[in-house]
Amino acid sequence: MPELPEVETVVRTVAPYLIGRRIIDARFTSKFVTPGNRAALAEKIKGRRIVSVRRRGKFVVIELDQGTLAIHLGMTGNLLASGKATGHTHGYFTLDDGVLLYNDPRQFGRIEWSPGPAKRVAKLGPEPLEITLEEFQKRMKRKSRVKPLLMNQAFIAGIGNIYADESLFNSGIHPLAQASRLSALRVAKLHQAIRDILHEAIEHRGSTISDYRDADGACGGFQLLHKAYGREGEPCVICGTAIRKTLVAQRGTHYCPKCQKR
DNA sequence: CTTAATGTTCCCCA
DNA sequence: TTGGGGAACATTAA
């Protein structure tokens, strides 16, 4: 569920509930979401005060007065500022004012604590909304196909399946095009398309395909504006050709066979 | 019953 | 070292 725009929306909606709060108690119930000693993890954060809540790539980074929590929402994770625990609640934080729930049916998400700065975000590539065109051009000199490269979090942090498809559609680039063989003009178009798509998706509070909700439980709205993702067989908004769906790096990939060239 | 789903990681092979 | 293919993780819905 969560790519950069969704995680950004979660951070913006959850931060006001969390900043300055003290964690009174924490409970974790999944050996997948919280590998290792879950009781020890709870003890480490019990009594800590929340200093800041930020996004890095697809991670929610919660800075405590001692240590840092890095939360990845995986495919079906939700961070909610209210609600009752269910069978899918694998993290439950009692705050001095309010609660914080981590729900995740598939349990692909992770909640990790580091004594210092979040260790998990250290190896992430640059933020797509901050990288300059020059830096982007340099990094694109790779033999990899362009779509899997965009989804590689060490290459650029925050783009997933939806926004890779949408960015490639908007720049007219075929998902199987080799990154290093794209002209400078097309690289510049892609750089701009990524920025435009992510900004627009954040404005619309992300895309809700199935599970994604913000911290208040609200759906996003950007799924209504997708031009490629999830539109197999529907007409391309530019040329009318049916959008095609194939498999690229084991992920469903949507593109216009006429507008997007290799 | 089978397939696919907003993600990541690990193993194998070239 | 880089890159591609496949599997694994757990659950639900079509």
Side-chain angles (χ1 to χ4, degrees), chain A residues 1-11 28-36 55-60 70-79 86-91 102-112 118-125 128 139-168 175-181 197-198 201-202 204-214 218-233 245-254:
Chain A
M1 71 167 237
E3 301 181 32
L4 187 153
E6 289 76 35
V7 180
E8 180 65 28
T9 305
V10 167
V11 164
F28 303 105
T29 55
S30 167
K31 63 176 176 178
F32 300 101
V33 174
T34 43
R55 180 193 59 75
R56 175 73 173 95
K58 301 178 188 175
F59 286 85
V60 177
I71 301 179
H72 195 294
L73 302 171
M75 202 84 112
T76 56
N78 288 140
L79 263 188
T86 70
H88 294 312
T89 303
H90 296 296
Y102 179 77
N103 292 350
D104 190 354
R106 289 177 74 178
Q107 301 171 64
F108 282 180
R110 296 290 182 270
I111 301 176
E112 292 166 357
K119 200 179 154 200
R120 280 306 306 273
V121 306
K123 283 177 248 168
L124 293 176
R139 289 185 150 253
M140 284 289 284
K141 298 189 194 309
R142 300 268 295 262
K143 281 182 188 168
S144 166
R145 301 131 131 193
V146 65
K147 178 173 175 182
L149 189 57
L150 291 181
M151 294 176 63
N152 178 344
Q153 301 302 297
F155 174 73
I156 280 214
I159 298 175
N161 206 31
I162 294 176
Y163 299 103
D165 279 2
E166 293 299 309
S167 299
L168 291 170
L176 291 178
Q178 206 172 83
S180 58
R181 296 179 63 177
I197 285 290
L198 294 179
I202 290 169
H204 288 85
R205 309 172 64 84
S207 303
T208 295
I209 304 302
S210 58
D211 297 88
Y212 167 69
R213 303 289 186 278
D214 70 17
C219 294
F222 193 65
Q223 68 281 0
L224 302 174
L225 300 176
H226 292 173
K227 295 174 184 166
Y229 183 87
R231 296 195 66 245
E232 180 186 14
K245 182 178 178 185
T246 59
L247 221 48
V248 175
Q250 332 225 118
R251 306 299 301 272
T253 296
H254 316 71

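Below, chain A is the first sequence line, B the second, and so on; all start at residue 1.
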(request) Report yes if a side-chain nitrogen or oxygen of A:His72 is closer than 4.0 Å to either non-bridging phosphate oxygen (OP1 or OP2) of B:dG7; otherwise report no. (result) no
(request) Please list, by residue number, the residues of residues 142-157 of chain A whose heavy atoms come closer than 4.0 Å to an atom of DNA chain C; answer none if no residue qualifies. (result) A:Arg142, A:Lys143, A:Ser144, A:Arg145
Atom pairs under 3.5 Å, N or O on each side, protein against nucleotides 12-14 of chain C: can you list them with distances?
unit_1: C:dT12; atom_1: OP1; unit_2: A:His88; atom_2: NE2; d: 3.1

(request) Round to a whole Å and report the spacing from CD1 of A:Ile111 to P of B:dG7. (result) 18 Å
(message) Taking the side chain as everything from C-beta on, heavy atoms only, tell me whether A:His72 gets closer than 4.5 Å to A:Arg120.
(response) no
(request) Figure out the CD1/P separation between A:Ile209 and B:dA4, and round it to whole Å. (result) 17 Å
(request) Whole angstrom is fine here: how far is it from NZ in A:Lys141 over to C1' in C:dG3? (result) 19 Å
(request) Taking the side chain as every heavy atom from C-beta outward, state whether A:Pro128 and A:Leu198 have any atom pair closer than 4.5 Å. (result) yes
(request) Round to the nearest Å and state the distance from A:Leu247 atom CG to C:dG4 atom P. (result) 14 Å
(request) Write down the distance between CG (A:Asp104) and C1' (B:dG7), rounded to a whole number of angstrom. (result) 11 Å
(message) With heavy-atom distances below 4.5 Å as the criterion, would you say the side chains of A:Asn78 and A:Leu73 are in contact?
(response) no
(message) I want to check one thing: is the phosphate of B:dG7, taken as OP1 and OP2, less than 4.0 Å away from some side-chain N or O of A:Arg251?
(response) yes
(request) Taking only the side-chain nitrogens and oxygens of A:Gln107, find out if one of them lies under 4.0 Å from OP1 or OP2 of C:dT11. (result) yes
(message) How many whole angstroms separate atom CG of A:Asn78 from atom C1' of B:dG7?
(response) 15 Å
(request) Considering non-hydrogen atoms only, spot the tightest contact between A:Ala164 and A:Ile159 and give its length. (result) N-CG2, 3.6 Å
(message) If the cut-off is 4.0 Å, is A:Lys245 near the phosphate of B:dT3, judged by side-chain N/O to OP1 or OP2?
(response) no
(request) Using the C1' atom as the reference point in each nucleotide, state the distance between C:dG4 and B:dA5 in Å, no decimals. (result) 22 Å
(request) Identify, with sequence neighbours excluded, every residue that meets ring-ring contact (aromatic ring centres under 6.0 Å, His included) alongside A:Phe28. (result) A:Phe93
(message) My validator wants the stems of DNA chain C: runs of 3 or more consecutive Watson-Crick or G-U pairs, both distances under 3.5 Å, written as range with range.
(response) B:2-5 with C:11-14, B:7-14 with C:2-9
(message) Can you confirm whether A:Ser180 sits close enough to A:Met140 that some side-chain heavy atom of one is under 4.5 Å from a side-chain heavy atom of the other?
(response) no
(message) Tell me whether the side-chain N/O atoms of A:Arg120 come closer than 4.0 Å to OP1 or OP2 in B:dT9.
(response) yes
(request) Name all residues meeting the ring-ring contact (aromatic ring centres under 6.0 Å, His included) criterion together with A:His226; count only those two or more places apart in sequence or in a different chain, and write none if there are none. (result) A:Phe222, A:Tyr229
(request) Could you check whether A:Phe108 and the base of C:dC9 form a stacked pair, meaning centres closer than 5.5 Å and planes differing by less than 30°? (result) yes
(message) With side chain to side chain donor-acceptor pair (under 3.5 Å) as the rule and sequence neighbours excluded, what pairs involving residues 151-161 of chain A come up?
(response) A:Lys147-A:Asn161
(request) Take atom CD1 of A:Ile162 and atom P of B:dA4, then tell me their distance rounded to the nearest Å. (result) 18 Å
(message) Can you confirm whether the side chains of A:Tyr163 and A:Glu6 place a donor and an acceptor under 3.5 Å from each other?
(response) yes
(message) Quick check against the 3.5 Å criterion: does A:Glu166 have a side-chain atom that pairs as donor or acceptor with the backbone of A:Ile197?
(response) no
(message) Need one value for A:Tyr163: base, sugar-phosphate or nothing, where a base atom within 4.0 Å counts as base even if backbone is also close, heavy atoms only.
(response) nothing
(message) Could you walk me through whether A:His90 and A:Asp104 satisfy the side chain to side chain donor-acceptor pair (under 3.5 Å) test, starting with their C-alpha distance in whole Å, then the side-chain angles of each, then the deciding distance to 0.1 Å, before giving a yes or no?
(response) CA-CA 7 Å; A:His90 296 296; A:Asp104 190 354; over 6 Å; no
(message) Using side-chain heavy atoms (C-beta onward) and a distance below 4.5 Å, is A:Tyr212 in contact with A:Gln223?
(response) no
(request) Could you state the atom-to-atom distance from CG of A:Asn103 to C1' of C:dT11 in whole Å? (result) 14 Å
